[in-house]
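For ligands, and for the atoms within them, numbers begin at 1 and follow the listed sequence.
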Amino acid sequence: MAYENILVETKGAGGGIGIITLDRPEALNALNAALITDLGQALDSYEADENIGCIILTGSNKAFAAGADISEMAPKSFMDAYRENFITDGWERVSQCRKPIIAAVAGFALGGGCEMAMMCDMIIAADNAKFGQPEINLGVIPGAGGTQRLTRFVGKSKAMEMILTGRMMSAEEAERAGLASRVVPVDDLLEEAIGVAEKICKLSQPMTMIAKECVNRAYETTLAEGVRFERRMFHSTFSTEDKAEGMAAFLEKRTAKFKHR
Ligand code: HXC
């Protein structure tokens, strides 16, 4: 399917990696309603495709995304935003994705762009990446989870400083603070993200999805409930063919051939 605001391609052995590239270069990939619709449709189609084991969300070398589209937001009143439940439909699609999704971030990841990267499962940052929640400069506050997710990633003090002042964070600082899983040279960004995605694709797809669901549970519940959830999911993995294959392969000193069931 052809989209107007994103590019999609599949990569990897058997086409197991779905790559979505945000593509509004004239506006530094500012996230408007049309782009969010395209993104939602692309995610739906990758989730429905059994061959896709991992998704990469990326932008250009200059910008992952410079935020929600300010020209689209400027005319909206409170009543418009409230009635249409602005920044809900479509936006939450990324955080609801059940398959692993990697944000490969170069350049600016600001406002809604930073929030979208944080909705992914991990952030691989190019050395020129800049993360920030500059909404305060526009007379508003983060609205796609920035006050909640950034605080969970980097802690209260750094989140407060960034959100109250609009200061941007470099890639190195983002890695030190736990926002990015690693920093790579900008020219190697996509290749590095594809390398991680390939490793994920070689593993059992239901296991990577279940593991993701368990990690995400850590953000939503108490430790005791989270551990109980994990324990039950762990038990359930014993019913799969991939568990039998993975353990047999180890004992027989060979590489496992997972069937994703
Ligand atoms: C609409 C944007 C945009 C945005 C950049 N552009 N960011 N358009 N919405 N968020 C457009 C510019 O208007 C300009 O268009 C073109 O992209 C290039 O941007 P420049 O400013 O000329 O580039 P540069 O000088 O390199 O500065 C880059 C920048 C700056 C520092 C990233 O563009 C900037 O500060 N952008 C806004 C960042 C921001 O405030 N983000 C938060 C948005 S609020 P023209 O036509 O002039 O060439 C938000 C709310 C979240 O995200 C809540 C829910 C999601």
Margin query: I'd like to check which ligand 1 atoms, numbered from 1 as shown, lie under 4.0 Å from a non-hydrogen atom of Leu110.
Written below: 32 (C), 38 (C)
Checklist line | Option nearest atom 7 (N) of ligand 1 (shortest heavy-atom distance, choices Gly107, Ala63, Ala66) | finding: Ala66
Note to self: Could you go through Met116 and Trp91, starting from their C-alpha distance and side-chain angles, then the distance that decides it, and tell me whether this counts as side-chain contact (heavy atoms from CB on, under 4.5 Å)?
What the structure shows: CA-CA 8 Å; Met116 185 165 281; Trp91 280 82; 4.1 Å; yes
Item checked: Contact bool for atom 47 (O) of ligand 1 (protein heavy atom, d < 4.0 Å) -> no
Notebook entry, point to check: Is there a heavy atom in Lys62 that sits closer than 4.0 Å to ligand 1?
Noted result: yes
Checklist line | Pair Glu225 + Arg217, salt bridge at N-O below 4.0 Å | finding: no
Item checked: Sub-4.0 Å atoms of ligand 1 with respect to non-hydrogen atoms of Glu115 -> 51 (C), 53 (C), 54 (C), 55 (C)
Next item on the list: Would you mind telling me if ligand 1 is within reach of the side chain of Ala30, the backbone, both or neither, using heavy atoms under 4.0 Å?
Entry: side chain
Item checked: Residue Arg83 excluded, over 12 heavy atoms near CZ under 6.0 Å -> no
Notebook entry, point to check: Does Met118 reach the side chain of Leu179, with side-chain heavy atoms less than 4.5 Å apart?
Noted result: yes
Check: Are any non-hydrogen protein atoms located under 4.0 Å from atom 12 (C) of ligand 1?
Finding: no
Notebook entry, point to check: Checking side-chain contact (heavy atoms from CB on, under 4.5 Å) against Ile56, which of Ile101, Ile124, Leu190 comes through?
Noted result: Leu190
Notebook entry, point to check: Short list, please: which atoms of ligand 1 are under 4.0 Å from a heavy atom of Gly67?
Noted result: 52 (O)
Check: Can you check whether Thr10 reaches Tyr46 side chain to side chain, under 4.5 Å on heavy atoms?
Finding: yes
Check: Going by the order shown, which atoms of ligand 1 are within less than 4.0 Å of some heavy atom of Ala144?
Finding: 54 (C), 55 (C)
Notebook entry, point to check: Between Phe238 and Phe234, how do the two ring planes meet: parallel, tilted or perpendicular, split at 30° and 60°?
Noted result: perpendicular
Notebook entry, point to check: Does an N or O from Ala68, backbone or side chain, lie closer than 3.5 Å to an N or O of ligand 1?
Noted result: yes
Checklist line | side-chain contact (heavy atoms from CB on, under 4.5 Å) evaluation trace for Phe131 with Val105 | finding: CA-CA 9 Å; Phe131 298 89; Val105 175; 3.8 Å; yes
Note to self: If the contact criterion is a heavy-atom separation under 4.0 Å, does Met73 count as touching ligand 1?
What the structure shows: yes
Next item on the list: Show your working on side-chain contact (heavy atoms from CB on, under 4.5 Å) between Val94 and Leu43 and close with a plain yes or no.
Entry: CA-CA 8 Å; Val94 181; Leu43 288 174; 4.0 Å; yes
Item checked: Lys NZ or Arg CZ of Lys202 over Phe258 ring: under 6.0 Å, within 45° -> no
Next item on the list: Measure the distance from atom 53 (C) of ligand 1 to every protein heavy atom, then report the residue, atom name and distance (to 0.1 Å) of the closest one.
Entry: Gly143 N, 3.3 Å
Item checked: Ligand-residue contact atoms, ligand 1 with Ile87, heavy atoms, under 4.0 Å -> 54 (C), 55 (C)
Item checked: More than 12 heavy atoms of other groups within 6.0 Å of Arg98 CZ -> no
Notebook entry, point to check: Nearest to atom 6 (N) of ligand 1, what protein heavy atom do you find, and at what distance?
Noted result: Ala27 O, 3.7 Å
Next item on the list: Between Glu26 and ligand 1, find which residue part has any heavy-atom pair under 4.0 Å and reply side chain, backbone, both or neither.
Entry: backbone
Note to self: Under 4.0 Å and counting heavy atoms only, is there anything from the protein next to atom 34 (C) of ligand 1?
What the structure shows: no
Notebook entry, point to check: What part of Ile70, side chain, backbone, both or neither, has a heavy atom within less than 4.0 angstrom of ligand 1?
Noted result: both
Next item on the list: Determine, counting only non-hydrogen atoms of the protein, whether one lies under 4.0 angstrom from atom 41 (N) of ligand 1.
Entry: yes
Notebook entry, point to check: Considering only the protein, which heavy-atom contact is closest to atom 27 (O) of ligand 1, and what is its distance?
Noted result: Leu28 CD1, 4.5 Å
Next item on the list: Would you confirm whether any non-hydrogen atom of the protein falls under 4.0 Å from atom 19 (O) of ligand 1?
Entry: yes
Next item on the list: Taking the side chain as every heavy atom from C-beta outward, state whether Asn5 and Leu22 have any pair of such atoms under 4.5 Å apart.
Entry: no
Check: Tell me: protein heavy atom nearest atom 51 (C) of ligand 1, and distance?
Finding: Glu135 OE2, 3.3 Å
Margin query: Below a 4.0 angstrom heavy-atom separation, can you tell me which part of Val140, side chain or backbone, both or neither, approaches ligand 1?
Written below: neither
Check: For Lys259, does the NZ atom have more than 12 heavy-atom neighbours from other residues, nucleotides or ligands under 6.0 Å away?
Finding: no
Next item on the list: Could you tell me if any non-hydrogen atom of Trp91 lies under 4.0 Å from any atom of ligand 1?
Entry: yes
Check: Taking heavy atoms and a distance under 4.0 Å, where does Pro134 meet ligand 1: side chain, backbone, both or neither?
Finding: side chain
Next item on the list: Just jot down the ligand 1 atoms closer than 4.0 angstrom to any heavy atom of Gly112, in number order.
Entry: 49 (C), 51 (C), 52 (O), 55 (C)
Check: Hey, is Lys243 close enough to Glu241 for a salt bridge, meaning N to O under 4.0 Å?
Finding: no
Next item on the list: Specify whether the nearest protein heavy atom to atom 30 (C) of ligand 1 is under 4.0 angstrom away.
Entry: no
Next item on the list: Verify the contact flag for atom 22 (O) of ligand 1, where contact means a protein heavy atom under 4.0 Å away.
Entry: no
Next item on the list: Begin from the C-alpha positions of Met207 and Thr240 and carry the test side-chain contact (heavy atoms from CB on, under 4.5 Å) through to its verdict.
Entry: CA-CA 9 Å; Met207 293 314 131; Thr240 63; 3.4 Å; yes
Check: Does a donor on one side chain and an acceptor on the other come within less than 3.5 Å for Asp69 and Ser71?
Finding: yes
Check: Near Leu138, which atoms of ligand 1 are under 4.0 Å from a heavy atom of that residue?
Finding: 40 (O), 43 (C), 44 (S)
